[in-house]
Novice: 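Okay, handing you the structure first.
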Amino acid sequence: MLSLLDLCARIDDGRLTPEGAVRLVRAAIAAREPEVGALVCVDPAPVVAAAGPLAGIAVGIKDIIDTADLPTRMGSAIYESWHPRADAPVVARLKSLGAAPLAKTTTTPFAFLDPTATRNPHHPGHTPGGSSAGSAAAVAAGMLPLALGTQTGGSVIRPAAFCGVVGVKPSFRLLPTVGVKCYSWALDTLGLFAAGVADAAHALALLADRPAIGRTHDGSAPRIGIVRQEFCAAPDPEAEAALGRAAAAAERAGAVVHDLALPARFGEAYAAHGTIQDYEARQALAWEYAAHRDALPPRLRAALDAAQGIETAAYDAARRTAHHARRSLKDVFSEDGPDVLLTYAAPGAAPAGLDQTGDSRFNRLWTLMGVPCVTLPVERTPAGLPVGVQVIARFGDDGRALAAAGLIERALRG
Ligand SMILES: NC(=O)CC(=O)O
């Protein structure tokens with residue numbers, strides 16, 4: 001894979017020019033895109049800045065995020081010819097840092113559950129996950145050093161884990177979702193994909209203008225609470241094995257690790273996610289549903305059909321449940337509690353077949369809680385498919401989640 005920090009270092013010390021770095025990416029795209037299918041389009045002549053902390057860094061932009069220089073199609077024929085006038089603020093921020101938004105990456109239609117044609121770079125017969133399919137696959141295939149995605153259920157963490165890359169779903173609203181096609185305004189969160197934890201931390205620190213996020217190696221040994229989210233169906237054996245391996249590596253690195261049982265109200269919040277998501281999607285996609293219902297893909301059409309019947313009282317009750325769970329989460333991360341939680345990133349490795357994007361059951365609660373989540377790869381199945389884990393910190397403590405993920409990553413490397 002292409003390490004963002006490695007490219008930055010080579011540019012900074014003159015071994016590589018910004019234009020040379022973009023040429024490297026174009027060559028990698030030419031070599032891998034035919035088999036992976038991660039990209040919707042590539043800018044033939046992007047502006048390559050000569051200066052800036054991300055000068056020469058080509059970035060993939062999930063195709064629900066507005067770009068002024070490239071179309072934004074939402075993964076749907078309904079928006080086939082749509083070309084936003086302006087960049088989403090997160091894209092404008094990338095350009096202000098010197099980065100080159102080089103390609104739009106595939107998204108499931110409107111970032112829901114209907115699959116893309118993108119293939120898992122580790123096994124073409126398996127899904128890369130979704131909804132940020134192309135971003136995860138492009139980084140995993142070594143085509144891009146950085147890509148943006150979004151998460152409403154599990155659309156950053158799950159595909160990142162399936163593709164064996166680092167994925168970060170930051171604290172809710174750390175990055176502005178202005179100019180990003182809305183599915184659920186209470187849940188939609190911008191995230192990113194990179195080769196390693198330090199690469200991701202560096203990019204997020206710059207994007208969020210919060211340098212502390214980038215100091216992943218602060219030397220402290222965290223207290224880690226292992227949570228298995230028993231309110232969900234159990235994971236596959238490889239997910240449990242990866243969790244155990246990551247916990248053991250963390251202990252070897254000096255972390256204090258213990259099992260943690262979450263109070264019942266978190267199971268209630270987990271169940272409330274769907275009501276909030278789908279009630280809001282009914283409004284966010286009201287025009288598409290009214291004017292183009294027949295052009296919607298089957299899973300999304302069925303979800304919006306069902307969402308028509310959600311009572312406002314049920315939505316309000318779900319929001320109250322989520323609010324109480326968020327307050328309880330502060331008690332979980334209390335003074336003498338864990339610094340971070342460690343749990344499954346997905347039910348297991350990427351499922352076979354391209355007719356689905358996998359299950360977000362181990363992600364949805366944490367998206368609703370708005371807390372920072374980081375996934376990192378831990379091991380491979382005998383078929384060579386990656387299996388990851390998920391590190392979670394308290395709201396606003398994105399740097400601590402990344403620091404703990406970095407400690408585990410280094411410990412796994414041995
Ligand atoms: N957008 C989303 O997060 C939906 C998913 O989990 O695939």
Novice: Do we see a donor-acceptor contact under 3.5 Å between the side chains of Ser131 and Lys62?
Specialist: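 Looking only at side-chain atoms, Lys62 and Ser131 do form a donor-acceptor pair, the distance falling under 3.5 Å.
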
Novice: Between the side chains of Lys95 and Asp69, is the shortest nitrogen-to-carboxylate-oxygen separation below 4.0 Å, so that they form an ion pair?
Specialist: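 Yes.
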
Novice: Return yes when atom CZ of Arg327 has more than 12 non-hydrogen atoms of other residues, nucleotides or ligands closer than 6.0 Å, and no otherwise.
Specialist: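 Result for CZ/Arg327: open.
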
Novice: Has the side chain of His273 got a donor or acceptor atom that lies under 3.5 Å from a matching backbone atom of Thr152?
Specialist: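 Yes; at least one donor-acceptor contact below 3.5 Å.
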
Novice: On a heavy-atom basis, which atom in Arg85 and which in Ala68 lie closest, and how many Å separate them?
Specialist: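 Looking at all heavy atoms of both residues, the closest pair is O-CB, 3.5 Å.
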
Novice: Are the side chains of Val22 and Arg26 in contact, using a 4.5 Å heavy-atom criterion?
Specialist: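 A side-chain contact exists here, since the closest heavy-atom pair is under 4.5 Å.
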
Novice: Check the orientation of Tyr279 and Tyr315. Use parallel for under 30°, tilted for 30 to 60°, and perpendicular for over 60°.
Specialist: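 The arrangement is parallel - the two ring planes meet at less than 30°.
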
Novice: Which pair of heavy atoms, one from Asp359 and one from Arg158, lies closest together, and at what distance?
Specialist: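 Shortest heavy-atom contact: O-CD, 3.2 Å.
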
Novice: Taking the side chain as every heavy atom from C-beta outward, state whether Thr108 and Leu113 have any atom pair closer than 4.5 Å.
Specialist: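 No; the side chains remain at least 4.5 Å from each other.
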
Novice: Using 4.0 Å as the upper bound for N to carboxylate O, is an ion pair formed by Glu288 and Lys181?
Specialist: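 Glu288 and Lys181: salt-bridged.
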
Novice: Between Ser171 and Asp398, is there a side-chain donor-acceptor contact under 3.5 Å, judged purely by atom types and distance?
Specialist: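 Yes, Ser171 and Asp398 have a side-chain donor paired with an acceptor closer than 3.5 Å.
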
Novice: Establish, from distance only, whether the side-chain atoms of Ser155 and Ser132 form a donor-acceptor pair under 3.5 Å.
Specialist: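 Short answer, no.
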
Novice: Tell me whether Arg320 is salt-bridged to Asp316, with the criterion being a basic N under 4.0 Å from an acidic carboxylate O.
Specialist: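 Result for this pair is no, no salt bridge flagged.
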
Novice: Below 4.5 Å, heavy atoms only, C-beta onward: do Thr367 and Phe172 meet side chain to side chain?
Specialist: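 They are not in contact (no side-chain heavy atoms under 4.5 Å apart), so the answer is no.
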
Novice: Do Tyr183 and Phe112 have ring centroids that are under 6.0 Å from one another?
Specialist: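 Close enough - the centres of the two rings lie under 6.0 Å apart.
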
Novice: Does Glu311 CD have over 12 foreign heavy atoms under 6.0 Å away?
Specialist: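 Not more than 12 within 6.0 Å, no.
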
Novice: Have Trp366 and Gln151 got a donor and an acceptor in their side chains that come within less than 3.5 Å?
Specialist: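 No pair is found: no donor N or O on one side chain lies under 3.5 Å from an acceptor on the other.
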
Novice: For a side-chain contact (heavy atoms from CB on, under 4.5 Å) with Ile224, tell me which candidate from Leu342, Asp339, Leu260 qualifies.
Specialist: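 The passing option is Leu342.
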
Novice: Answer yes or no: does atom CH2 of Trp82 have more than 12 heavy-atom neighbours from other residues, nucleotides or ligands under 6.0 Å?
Specialist: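 No.
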
Novice: Check this for me: does any side-chain nitrogen of one of Glu19 and Arg23 sit under 4.0 Å from a carboxylate oxygen of the other?
Specialist: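 No, Glu19 and Arg23 are not salt-bridged.
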
Novice: Salt-bridge test for Glu35 and Arg119: reply yes if a basic N is under 4.0 Å from a carboxylate O, no otherwise.
Specialist: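 Salt bridge: no.
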
Novice: Does Arg293 CZ have over 12 foreign heavy atoms under 6.0 Å away?
Specialist: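 Yes.
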
Novice: Does either side chain, that of Asp305 or that of Tyr289, offer a donor lying less than 3.5 Å from an acceptor on the other one?
Specialist: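 There is such a pair (donor and acceptor under 3.5 Å, judged by atom type) between the side chains of Asp305 and Tyr289.
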
Novice: Is a donor from one side chain sitting under 3.5 angstrom from an acceptor on the other, for Ser3 and Asp199?
Specialist: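 Looking only at side-chain atoms, Asp199 and Ser3 do form a donor-acceptor pair, the distance falling under 3.5 Å.
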
